[in-house]
Undergrad: 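I have a structure here, written as structure tokens, and I will follow up with some questions on it.
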Amino acid sequence: MTIQIPRGTQDILPDASPKWQWMVEKARQLCKLYRYDEIKTPMFESTDLFQRGVGETTDIVQKEMYTFKDRGDRSLTLRPEGTAPVVRSYVENKMHGWANQPVKLYYIGEMFRYERPQAGRTRQLTQFGVEAIGTEDPTLDAEVIALAMSYYKSFGLTKLKLVINSLGDIESRKAHREALIRHFEPSIHEFCTDCQNRLQKNPLRILDCKVDRDHPLMATAPSILEYLNEASAKYFTDVKQTLDQMGVTYEVDPTLVRGLDYYNHTTFEIMGADFGAITTLCGGGRYGGLVHELGGPETSGIGFALSFERLLLALNAEGVEPEIANPLHCYIVTIGEAAEGKAAELLFKLRQAGITADKDYMHRKTKGQFKQADRFGAKTVAVLGDEELEKAVINVKNMASGEQQAVAFSDLPSYIKSIVDQQEG
RNA sequence: GCGAUUAUGGCGAAGUGGUUAACGCACCGGAUUGUGGUUCCGGCAUACAUGGGUUCGAUCCCCAUUAAUCGCCCCA
């Protein structure tokens, strides 16, 4: 048996990489506009970081972490998400003391979760995320949401839906949680076993349940929005107003719950075209206690994470293609062994002049080399054989018009350039 | 962790309990000497996931394993 790629991972082959480069480039450009700076953190961290940062009760920590011991008997974990590491770095590097506040960061990198692979779900995934840490300001929440939406829209995606919600502050959350338990507890035996487990663990999740969605108690369940205290309600209103002013359209969904423990106040999710079971492209929100939990000051941050794997599904679902291409300007056809050295030299000079150029390395016959050039979509083919060598010229064929012209070796780069310019113009 | 489906040459895809396992695409070569599409001709390939079992004999039947795809859970 030959060795296979590990389960849930994938190779990104050359025909797919333009799209990946495209996704990365657009993320970087957008972050420049919004003035977020890149941060890179390690792919693995102390296991404690995720246990404390993400939350002991979350699925990520309970069953999805790639945890291992190194030779020094330290427990390490391949990062399953980006926020906890960034906040760790924020605290460790005392970014709360930096002159520019809030600290606005973005990251692009691989995350690892031990899950059953499925459409839009892999064990290694690539996330782009931003974190704005150091203040609690509704316009910042709106900015982060707007950034995420702008990112998707910059690809020309149209089937997007932004859903927002507020979990309120700790006090509001707690009041709501108790109300939910009071609401469901008497009849919890009528619900699925998952929901019975959720009752104490995370009663908010019951509202998400697909099995029991038609149960009468669902419709009458207390909404978080009714339990927001004054400050939380105002904060949420301000976020919504800012989005309105920016012209970002959204839907409020009081049942929107995010999986990680650290969220409070604003949460949001962006969904895309329906491909398979998964429609969530991006998730984010504000995290209140996290910085302090990890040893920093009492401050708050907001961010989102999205995966390129799912964005790719959305791009494919809507048939979006990148404009990036790499046209071949010149293909050199050699006839006879004597031409090989000169061809290599000319290739080198063409490339030095910024012209994309290639040749045959498979000892194909002339016709085969032309076929190859055609397959590459070469703008020009330059033929070099004994006749040309004798006269110190090379015959350049314009592949669009079929015209052929003898050109002195030293004039080749400028001649190719003129034909390419002419074809493009 | 649970469930469903699938597993044939580089790719796609037929097929059978028993001699050389179709075909298409791709690739290479040729159709009078060094020129791309199309057409025609020819060539090419360690192909029946792995390990057991049933059978005189299995790629085809049964079991297990592995992997892929999809779904549940949960999430990006």
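Letters A, B, ... are given to chains in the order of the sequence lines, protein chains preceding strands, and every chain is numbered from 1.
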Undergrad: For atom P, what is the distance between U46(B) and A21(B), given to the nearest Å?
TA: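 Result for the P pair: 14 Å, nearest Å.
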
Undergrad: On the nucleotide G36(B), are OP1 or OP2 found under 4.0 Å from the side-chain N or O atoms that Arg364(A) carries?
TA: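 No.
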
Undergrad: Within the pair Arg116(A) and C73(B), is there a side-chain N or O less than 4.0 Å away from OP1 or OP2?
TA: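 So the side-chain polar atoms of Arg116(A) never come under 4.0 Å of the phosphate oxygens OP1 or OP2 of C73(B).
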
Undergrad: For Arg113(A), report the nucleic acid contact type (base, sugar-phosphate, nothing); a contact means any heavy atom under 4.0 Å.
TA: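 Here Arg113(A) touches the bases of the nucleic acid.
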
Undergrad: Classify the nucleic acid contact of Ala305(A) as base, sugar-phosphate or nothing, counting any heavy atom under 4.0 Å across all strands shown.
TA: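 Sugar-phosphate contact only.
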
Undergrad: Hey, does Gln404(A) reach any base, or is it just sugar-phosphate, or nothing, if we go heavy atoms under 4.0 Å?
TA: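 Since a base atom lies under 4.0 Å of Gln404(A), the category is base.
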
Undergrad: OP1 or OP2 of G36(B) less than 4.0 angstrom from a side-chain nitrogen or oxygen of Gln372(A), does that happen here?
TA: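 Negative; the distance criterion is not met.
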
Undergrad: State, with a plain yes or no, whether a side-chain heavy atom of Tyr114(A) is found less than 4.5 Å away from one of Lys63(A).
TA: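 Tyr114(A) vs Lys63(A): side chains apart.
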
Undergrad: Just call it for Glu269(A): base, sugar-phosphate, or nothing, with non-hydrogen atoms closer than 4.0 Å on any strand.
TA: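 No contact.
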
Undergrad: Under 4.0 Å between any heavy atoms, over every strand shown, what does Gly129(A) touch: base, sugar-phosphate, or nothing? Just pick one.
TA: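 Nothing, no heavy atom under 4.0 Å.
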
Undergrad: Just checking Gln369(A): base, sugar-phosphate only, or nothing, at a heavy-atom cut-off of under 4.0 Å?
TA: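 If one applies the 4.0 Å heavy-atom cut-off, Gln369(A) turns out to touch nothing in the nucleic acid.
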
Undergrad: Between Arg52(A) and Leu294(A), which heavy-atom pair has the shortest distance, and what is it?
TA: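 Of all heavy-atom pairs spanning Arg52(A) and Leu294(A), the closest is NH2-CA, 4.1 Å.
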
Undergrad: Test for a donor-acceptor pair under 3.5 Å between the base of C75(B) and the side chain of Arg310(A), counting only N and O atoms.
TA: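 Pair found.
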
Undergrad: May I ask you to say what Gly284(A) touches in the nucleic acid, namely base, sugar-phosphate or nothing, with a heavy-atom cut-off under 4.0 Å?
TA: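 The residue Gly284(A) makes no contact with any strand.
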
Undergrad: For Glu81(A), answer base if it contacts any base atom (sugar-phosphate contacts may also be present), sugar-phosphate if it contacts only those atoms, and nothing otherwise; contact means non-hydrogen atoms under 4.0 Å.
TA: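 The residue Glu81(A) makes no contact with any strand.
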
Undergrad: Looking only at atom P, what distance separates C27(B) and A64(B), rounded to whole Å?
TA: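 Each nucleotide's P atom is 43 Å from the other's.
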
Undergrad: Determine the interatomic distance between P on A13(B) and the same-named atom on G36(B); round to the nearest Å.
TA: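 Approximately 33 Å lies between the P atom of A13(B) and that of G36(B).
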
Undergrad: Return the pairing partner of C61(B) with a 3.5 Å limit on both distances, Watson-Crick or G-U wobble; otherwise return none.
TA: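 Matched C61(B) with G53(B) under the 3.5 Å cut-off.
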
Undergrad: With distance as the sole criterion, is a donor-acceptor pair present between the side chains of Glu131(A) and Tyr287(A) under 3.5 Å?
TA: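 There is such a pair between these side chains.
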
Undergrad: Hey, does the side chain of Gln118(A) come within less than 4.0 Å of G71(B)'s phosphate (OP1/OP2), counting only N and O?
TA: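 Result: yes.
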
Undergrad: With a 6.0 Å cut-off on ring centres, are Phe128(A) and Phe304(A) close enough?
TA: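 They qualify: ring centres under 6.0 Å apart.
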
Undergrad: Flag the pair Phe184(A) / Phe191(A) as yes when their ring centroid distance falls below 6.0 Å, and as no otherwise.
TA: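 That pair passes the under 6.0 Å test.
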
Undergrad: With sugar-phosphate meaning primed atoms plus P, OP1 and OP2, does Thr122(A) contact a base, only sugar-phosphate, or nothing at under 4.0 Å between heavy atoms?
TA: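 If one applies the 4.0 Å heavy-atom cut-off, Thr122(A) turns out to touch a base.
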
Undergrad: Counting just side-chain N and O atoms, does Lys367(A) come under 4.0 Å of either OP1 or OP2 of G30(B)?
TA: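 For G30(B), neither OP1 nor OP2 has a side-chain N or O of Lys367(A) closer than 4.0 Å.
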
Undergrad: Assign Ile60(A) to base, sugar-phosphate, or nothing according to its heavy-atom contacts below 4.0 angstrom with the strands shown.
TA: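 No contact at all - Ile60(A) keeps every heavy atom at 4.0 Å or more from the nucleic acid.
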
Undergrad: Considering only side-chain heavy atoms of Ile335(A), which listed nucleotide, G34(B), C75(B), G37(B), is closest?
TA: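 Minimum distance to the Ile335(A) side chain belongs to G34(B).
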
Undergrad: Can you check whether any acceptor in the base of A76(B) is under 3.5 Å from a donor in the side chain of Glu115(A), or vice versa?
TA: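 Yes.
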
Undergrad: What integer number of Å spans the C1' atoms of C28(B) and G71(B)?
TA: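 Approximately 44 Å lies between the C1' atom of C28(B) and that of G71(B).
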
Undergrad: So what does Lys63(A) hit on the nucleic acid, given a heavy-atom distance under 4.0 Å: a base, only sugar-phosphate, or nothing?
TA: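 Counting heavy atoms under 4.0 Å across all strands, the contact made by Lys63(A) includes a base.
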
Undergrad: To the nearest 0.5 Å, tell me how far Lys349(A) NZ sits from Leu412(A) CG.
TA: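 Spacing of NZ (Lys349(A)) from CG (Leu412(A)) equals 10.5 Å.
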
